[in-house]
Undergrad: 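I'd like to ask some things about the structure below.
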Amino acid sequence: MSTSAPAPGPQISEDERILHRLGYAQELFRAMGGFQNFAISFTIISILAGCLTSYYIAFESGGPIAVTWGWLLVGLMATIIALAMAEIASSFPTAGGLYYWASKLGSPGWGWATGWFNLIGQIAVTAAIGYGLSTFATVLFDDLFSFENHTNDWFGWNYNETVFALYGLLMLAVCLINVFDVRITSMLNTVSAYWHMIGVAVIVVVLIFVPSHHQSISYVFTGTVNATGYGHNVTGFQHAAFWFVFGLGLLMSQYTMTGYDASAHMAEETHQASRMAAVGMYMSVVVSAIFGFVLLVAVTFAIPSTQGALDNIGAVVPWIWKTSMNQNWSDALLAICVIAQFFCLTASTTSASRMMFAFSRDGAVPGNRWWKRVSRHRVPVYSVFAIGVLSTLLMVPAIWNYLVGYAAGTAIAVIGLYIAFILPVFLRLRLGSKFEHGAWSLGRHYKWIDVVAIVWVAIVTVLFCMPLFYDGLPWSPNFSWSLTNYTILWFAGIGLFFGGWWVVSARKWFKGPVRQGTEEELERMETSEEFLLPAET
């Protein structure tokens with residue numbers, strides 16, 4: 001007498017098994033492959049956004065050598081940091097990313113600090129990306145619609161007001177895109193990766209052949225500029241003040257090389273996440289470093305004059321292109337950049353919303369019952385719009401002072417993100433051989449890689465709290481509040497608020513990542529009709 005085999009139950013993938021082990025159900029839609037995971041980090045790094053919209057920071061704080069050699073230095077350090085993070089991402093492939101890592105490798109207190117630094121950095125980098133996009137788009141639209149002088153052209157607004165208004169509209173647009181199925185944003189990230197690589201190639205070829213004048217090799221790789229007021233504007237590495245100025249100029253490169261933690265935040269939506277999230281993280285940095293260097297060298301060769309660049313420092317790259325070639329060529333290059341930067345802003349909003357969703361899922365964010373809810377497309381819609389609103393509010397000071405407001409936004413992004421990046425790395429180093437590897441590992445090389453990463457983040461954290469201009473220091477005879485760097489004030493306030501909140505209240509109830517159920521309960525949850533088609537409210 002034979003008996004029939006029991007009907008097989010629903011097949012659970014290895015990705016879902018790992019996620020269940022970490023304590024979560026498969027709420028988000030897993031539709032991304034390895035290339036799409038790489039693409040979102042590569043898109044957020046966006047060499048056609050960060051290093052072009054913030055080019056002025058390196059040029060006035062060091063000059064061509066801060067642009068070219070500074071980029072290579074930061075690219076190397078960012079690769080080391082990405083490798084250190086990738087090993088941890090492989091072990092914990094969850095949307096919570098950094099704060100989940102810190103909670104598991106340390107304690108809920110470490111997770112609390114890491115999560116808030118990460119969320120604030122995510123909001124700031126989204127704001128800076130969007131505002132940089134708005135400045136380029138404003139220049140492009142001025143040309144296309146024949147506006148002149150950037151003054152009182154758009155509905156009677158001045159230039160700063162115009163840029164901010166356009167920024168708000170762009171943020172709304174990317175939020176609306178992000179409420180749809182993740183396969184749409186995944187497809188956009190794939191298109192974006194190719195757009196960036198092909199776009200860089202097109203821009204470089206144009207900058208080689210179209211401008212009638214190019215700077216010398218010596219200028220591009222040894223030229224120095226100091227327009228900061230530090231050391232009475234001395235140049236040359238024989239002066240200690242110029243080393244400091246060169247360090248300030250690294251903000252351009254370090255700001256661009258952010259956002260690659262997106263590969264971790266999208267892990268719950270990526271197939272073979274234990275490997276692909278790690279590979280996507282470090283490869284996005286390596287590819288960006290190579291393509292970015294070629295792009296920056298080409299832009300610097302095309303500079304018509306040093307003084308002209310300094311006189312147009314707020315939109316220096318558009319000025320370089322408009323001065324070195326005719327308007328048609330210039331607008332074509334601007335259009336390539338504006339589209340790439342829009343892709344970048346869309347991807348950054350995606351990543352930030354996933355981090356906010358995951359942090360809220362564990363009860364850490366006020367109003368978490370809203371931010372952790374997903375729509376019928378399995379997208380955290382409320383988190384998407386929360387990121388859009390908070391990013392817009394962060395750039396309000398730029399209405400009164402564009403350069404300082406934007407520079408502070410980039411500094412907040414760099415410091416917030418890199419502190420969040422490095423806290424789990426420190427905890428992993430402290431854990432030593434007790435650390436449980438995922439599918440991808442550094443082996444014994446983790447020791448020196450983690451140490452170098454920690455030291456570098458400590459250096460840039462101190463550097464980027466300093467004003468870009470000497471007159472932003474309180475003891476300068478010509479001190480001006482409009483030139484100071486309010487980054488340190490932001491983090492002092494944030495530290496007091498969230499640190500105080502932890503001491504007074506959060507330490508009593510925040511226990512770090514909260515399991516949603518046993519593995520059997522998670523499987524049942526995922527097969528329920530209510531889970532598969534959650535209400536959109």
Undergrad: Go through Phe244 and Leu248 one step at a time and tell me if the side chain to side chain contact (heavy atoms under 4.5 Å, CB included) criterion holds.
TA: CA-CA 6 Å; Phe244 172 72; Leu248 293 178; 3.7 Å; yes
Undergrad: In the structure I gave you, are the side-chain heavy atoms of Phe301 and Ser216 within less than 4.5 Å of one another anywhere?
TA: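 Side chain of Phe301 against side chain of Ser216, heavy atoms only: no contact under 4.5 Å found.
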Undergrad: So does Leu188 get a backbone contact from the side chain of Ser192, meaning a donor-acceptor N/O pair under 3.5 Å?
TA: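 It does not hold such a pair.
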Undergrad: Within the distance-only criterion (no hydrogens, no angle test), does the side chain of Thr350 pair as donor or acceptor with the backbone N or O of Thr346 below 3.5 angstrom?
TA: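 Yes.
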Undergrad: Do Ile129 and Gln341 make a side-chain contact, defined as non-hydrogen atoms from C-beta onward lying under 4.5 Å apart?
TA: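 The answer is no; the side chains never approach within 4.5 Å.
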Undergrad: May I have the step-by-step check of side chain to side chain contact (heavy atoms under 4.5 Å, CB included) for Ile81 and Trp456, ending in yes or no?
TA: CA-CA 9 Å; Ile81 295 168; Trp456 181 254; 4.0 Å; yes
Undergrad: Keeping the roles fixed (side chain from Ser288, backbone from Met257), state whether a donor-acceptor pair exists under 3.5 Å.
TA: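 Side chain of Ser288 to backbone of Met257: no pair is present.
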Undergrad: Parallel, tilted or perpendicular for Tyr470 and Tyr230, by the 30°/60° rule?
TA: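 Correct class here is perpendicular.
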Undergrad: With a cut-off of 6.0 Å (strictly less than), are more than 12 heavy atoms of other residues, nucleotides or ligands near OH of Tyr194?
TA: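 It does not: Tyr194 OH has 12 such atoms or fewer within range.
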Undergrad: Decide whether Ser383 and Ser353 meet the rule of one side-chain donor and one side-chain acceptor closer than 3.5 Å.
TA: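 Ser353 and Ser383 do not have a side-chain donor-acceptor pair below 3.5 Å.
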Undergrad: Would you name the heavy atoms of Val204 and Ala298 that are closest together and state the gap between them?
TA: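 Nearest heavy atoms, Val204 then Ala298: CG2-CB, 4.0 Å.
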Undergrad: Kindly compute the distance separating CD1 (Ile412) from CG (Asn485), expressed to the nearest 0.5 Å.
TA: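 It is 8.0 Å, given to the nearest 0.5 Å.
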Undergrad: Can you name the one residue among Ser351, Ser263, Ser46 that meets side-chain hydrogen bond (donor to acceptor under 3.5 Å, both in side chains) with Ser41?
TA: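 So, applying the side-chain hydrogen bond (donor to acceptor under 3.5 Å, both in side chains) to Ser41 and each of Ser351, Ser263, Ser46, only Ser263 qualifies.
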Undergrad: Quick one: pull up CD1 in Ile203 and CH2 in Trp329 and give me the separation to the nearest 0.5 Å.
TA: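 One gets 12.0 Å once the value is rounded to the nearest 0.5 Å.
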Undergrad: Say whether, by atom type as modelled, one donor and one acceptor occur between the side chain of Trp71 and the main chain of Ala289 under 3.5 angstrom.
TA: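 Judged by distance alone, yes, a pair lies under 3.5 Å.
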Undergrad: In terms of side-chain heavy atoms, does Thr300 have a donor or acceptor partner in Tyr219 at a distance below 3.5 Å?
TA: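 Tyr219 and Thr300 do not have a side-chain donor-acceptor pair below 3.5 Å.
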Undergrad: Does the Trp69 side chain pair with the main chain of Pro64, one donor and one acceptor, at a distance under 3.5 Å?
TA: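 Between the backbone of Pro64 and the side chain of Trp69 there is no qualifying donor-acceptor contact (under 3.5 Å).
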Undergrad: List the atom of Trp440, the atom of Glu87, and the distance in Å for their closest heavy-atom pair.
TA: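 Heavy atoms of Trp440 and Glu87 come nearest at CZ3-N, 3.7 Å.
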Undergrad: So, applying side-chain contact (heavy atoms from CB on, under 4.5 Å) with Tyr56, which one of Val316, Asn312, Val317 is it?
TA: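 It is Val316; the other options fail the test.
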Undergrad: Give, for atom NE2 of His271 and atom CG of Asn37, the distance between the pair rounded to the nearest 0.5 Å.
TA: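 It comes to 11.5 Å.
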Undergrad: Report yes or no: does Thr135 contribute a side-chain atom to a donor-acceptor pair with the main-chain N or O of Gly132 at less than 3.5 Å?
TA: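 Side chain of Thr135 to backbone of Gly132: a pair is present.
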Undergrad: Look up atom OG1 in Thr114 and atom CH2 in Trp101, then write down how far apart they are to the nearest 0.5 Å.
TA: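 Atom-to-atom, Thr114:OG1 and Trp101:CH2 are 10.5 Å apart.
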Undergrad: Using modelled atom types and a 3.5 Å cut-off, is there a donor and acceptor pairing between side-chain atoms of His214 and backbone atoms of Leu207?
TA: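 Looks like yes, one N/O pair under 3.5 Å.
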Undergrad: What heavy-atom pair brings Met252 and Cys51 nearest, and what distance separates the two atoms?
TA: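 The pair with the smallest heavy-atom distance is SD-O, 3.7 Å.
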Undergrad: Going by atom types alone, do Ser61 and Thr228 pair a side-chain donor with an acceptor below 3.5 Å?
TA: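 Checked: Ser61/Thr228 side chains show no N/O donor-acceptor pair below 3.5 Å.
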Undergrad: Hey, can you tell me if Phe42 and Phe38 have their rings parallel, tilted or perpendicular (30° and 60° cut-offs)?
TA: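 Correct class here is parallel.
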Undergrad: Within the structure provided, determine whether Leu468 and Ile57 are in side-chain contact (heavy-atom separation under 4.5 Å).
TA: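 A side-chain contact exists here, since the closest heavy-atom pair is under 4.5 Å.
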Undergrad: Calculate, to the nearest 0.5 Å, the distance between atoms CD1 and OH belonging to Ile44 and Tyr260 respectively.
TA: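 Interatomic distance, Ile44 CD1 to Tyr260 OH, rounded to 0.5 Å: 12.5 Å.
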Undergrad: Just wondering, do Asp142 and Thr138 contact through their side chains at under 4.5 Å, heavy atoms?
TA: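 Yes, side chains in contact.
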Undergrad: Measure the shortest side-chain to side-chain distance between Leu98 and Phe117 over non-hydrogen atoms and say whether it is less than 4.5 angstrom.
TA: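 In short, these two side chains do not touch, never coming nearer than 4.5 Å.
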Undergrad: Is there a donor in the side chain of Asn226 and an acceptor in the side chain of Thr235, or the other way round, less than 3.5 Å apart?
TA: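 No, no side-chain donor-acceptor contact under 3.5 Å.
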Undergrad: Do Phe464 and Tyr255 have side-chain heavy atoms sitting under 4.5 Å apart?
TA: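 No; the side chains remain at least 4.5 Å from each other.
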Undergrad: Looking only at heavy atoms, which two atoms of Thr484 and Gly472 are closest? And how far apart?
TA: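 Closest heavy-atom pair between Thr484 and Gly472: OG1-O, 3.1 Å.
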Undergrad: Write down the atom of Met325, the atom of Pro211, and the distance for their closest heavy-atom approach.
TA: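 Nearest heavy atoms, Met325 then Pro211: CE-CG, 4.1 Å.
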Undergrad: Looking at Thr126 and Ser348, what are the two nearest heavy atoms and their distance?
TA: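 Smallest heavy-atom distance, with atoms named: OG1-OG, 2.8 Å.
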Undergrad: How about Ile387 and Gln122: do any of their side-chain heavy atoms sit closer than 4.5 Å?
TA: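 They are not in contact (no side-chain heavy atoms under 4.5 Å apart), so the answer is no.
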Undergrad: Does the plane of the ring in Tyr131 sit parallel, tilted or perpendicular to the ring in Tyr167? Use 30° and 60° as the thresholds.
TA: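 Aromatic pair Tyr131/Tyr167 classed perpendicular.
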Undergrad: Do Met77 and Val457 come close enough that some side-chain heavy atom pair is under 4.5 Å?
TA: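 Answer no - side chains too far apart.
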Undergrad: So, Trp481 versus Phe479, ring centres under 6.0 angstrom or not?
TA: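 Ring centroids of Trp481 and Phe479 are less than 6.0 Å from each other.
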Undergrad: His213 and Ser324: side-chain hydrogen bond (donor to acceptor under 3.5 Å, both in side chains), yes or no, with the steps?
TA: CA-CA 7 Å; His213 169 76; Ser324 63; over 6 Å; no
Undergrad: To the nearest 0.5 Å, what is the distance between CG on Leu170 and CG on Leu133?
TA: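 That separation rounds to 4.5 Å.
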Undergrad: Between Lys322 and Val139, is the side chain to side chain contact (heavy atoms under 4.5 Å, CB included) condition met? List the steps.
TA: CA-CA 10 Å; Lys322 294 176 73 171; Val139 174; 4.3 Å; yes
Undergrad: For the CD1 atom on Ile217, are there more than 12 heavy atoms of other groups (residues, nucleotides or ligands in this structure) within a distance under 6.0 Å?
TA: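 12 or below, so no.
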Undergrad: Kindly say whether Ile303 contributes a backbone atom to a donor-acceptor pair with the side chain of Gln215 at under 3.5 angstrom?
TA: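 It does hold such a pair.
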Undergrad: Under the side chain to side chain contact (heavy atoms under 4.5 Å, CB included) criterion, do Met187 and Val191 qualify, and how do the steps go?
TA: CA-CA 6 Å; Met187 179 270 292; Val191 172; 3.9 Å; yes
Undergrad: Could you verify whether a donor N or O on one side chain and an acceptor N or O on the other, from Thr43 and His196, lie under 3.5 Å apart?
TA: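 Not at all, the side chains of Thr43 and His196 share no donor-acceptor pair under 3.5 Å.
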Undergrad: Whether the side chain of Ser134 engages the backbone of Gly130 through a donor-acceptor N/O pair (distance < 3.5 Å, no angle test) should be reported.
TA: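 No: the side chain of Ser134 does not pair with the backbone of Gly130.
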Undergrad: According to the interplanar angle, ranging from 0 to 90°, do the rings of Phe293 and Phe221 count as parallel (below 30°), tilted (30 to 60°) or perpendicular (above 60°)?
TA: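 Aromatic pair Phe293/Phe221 classed tilted.
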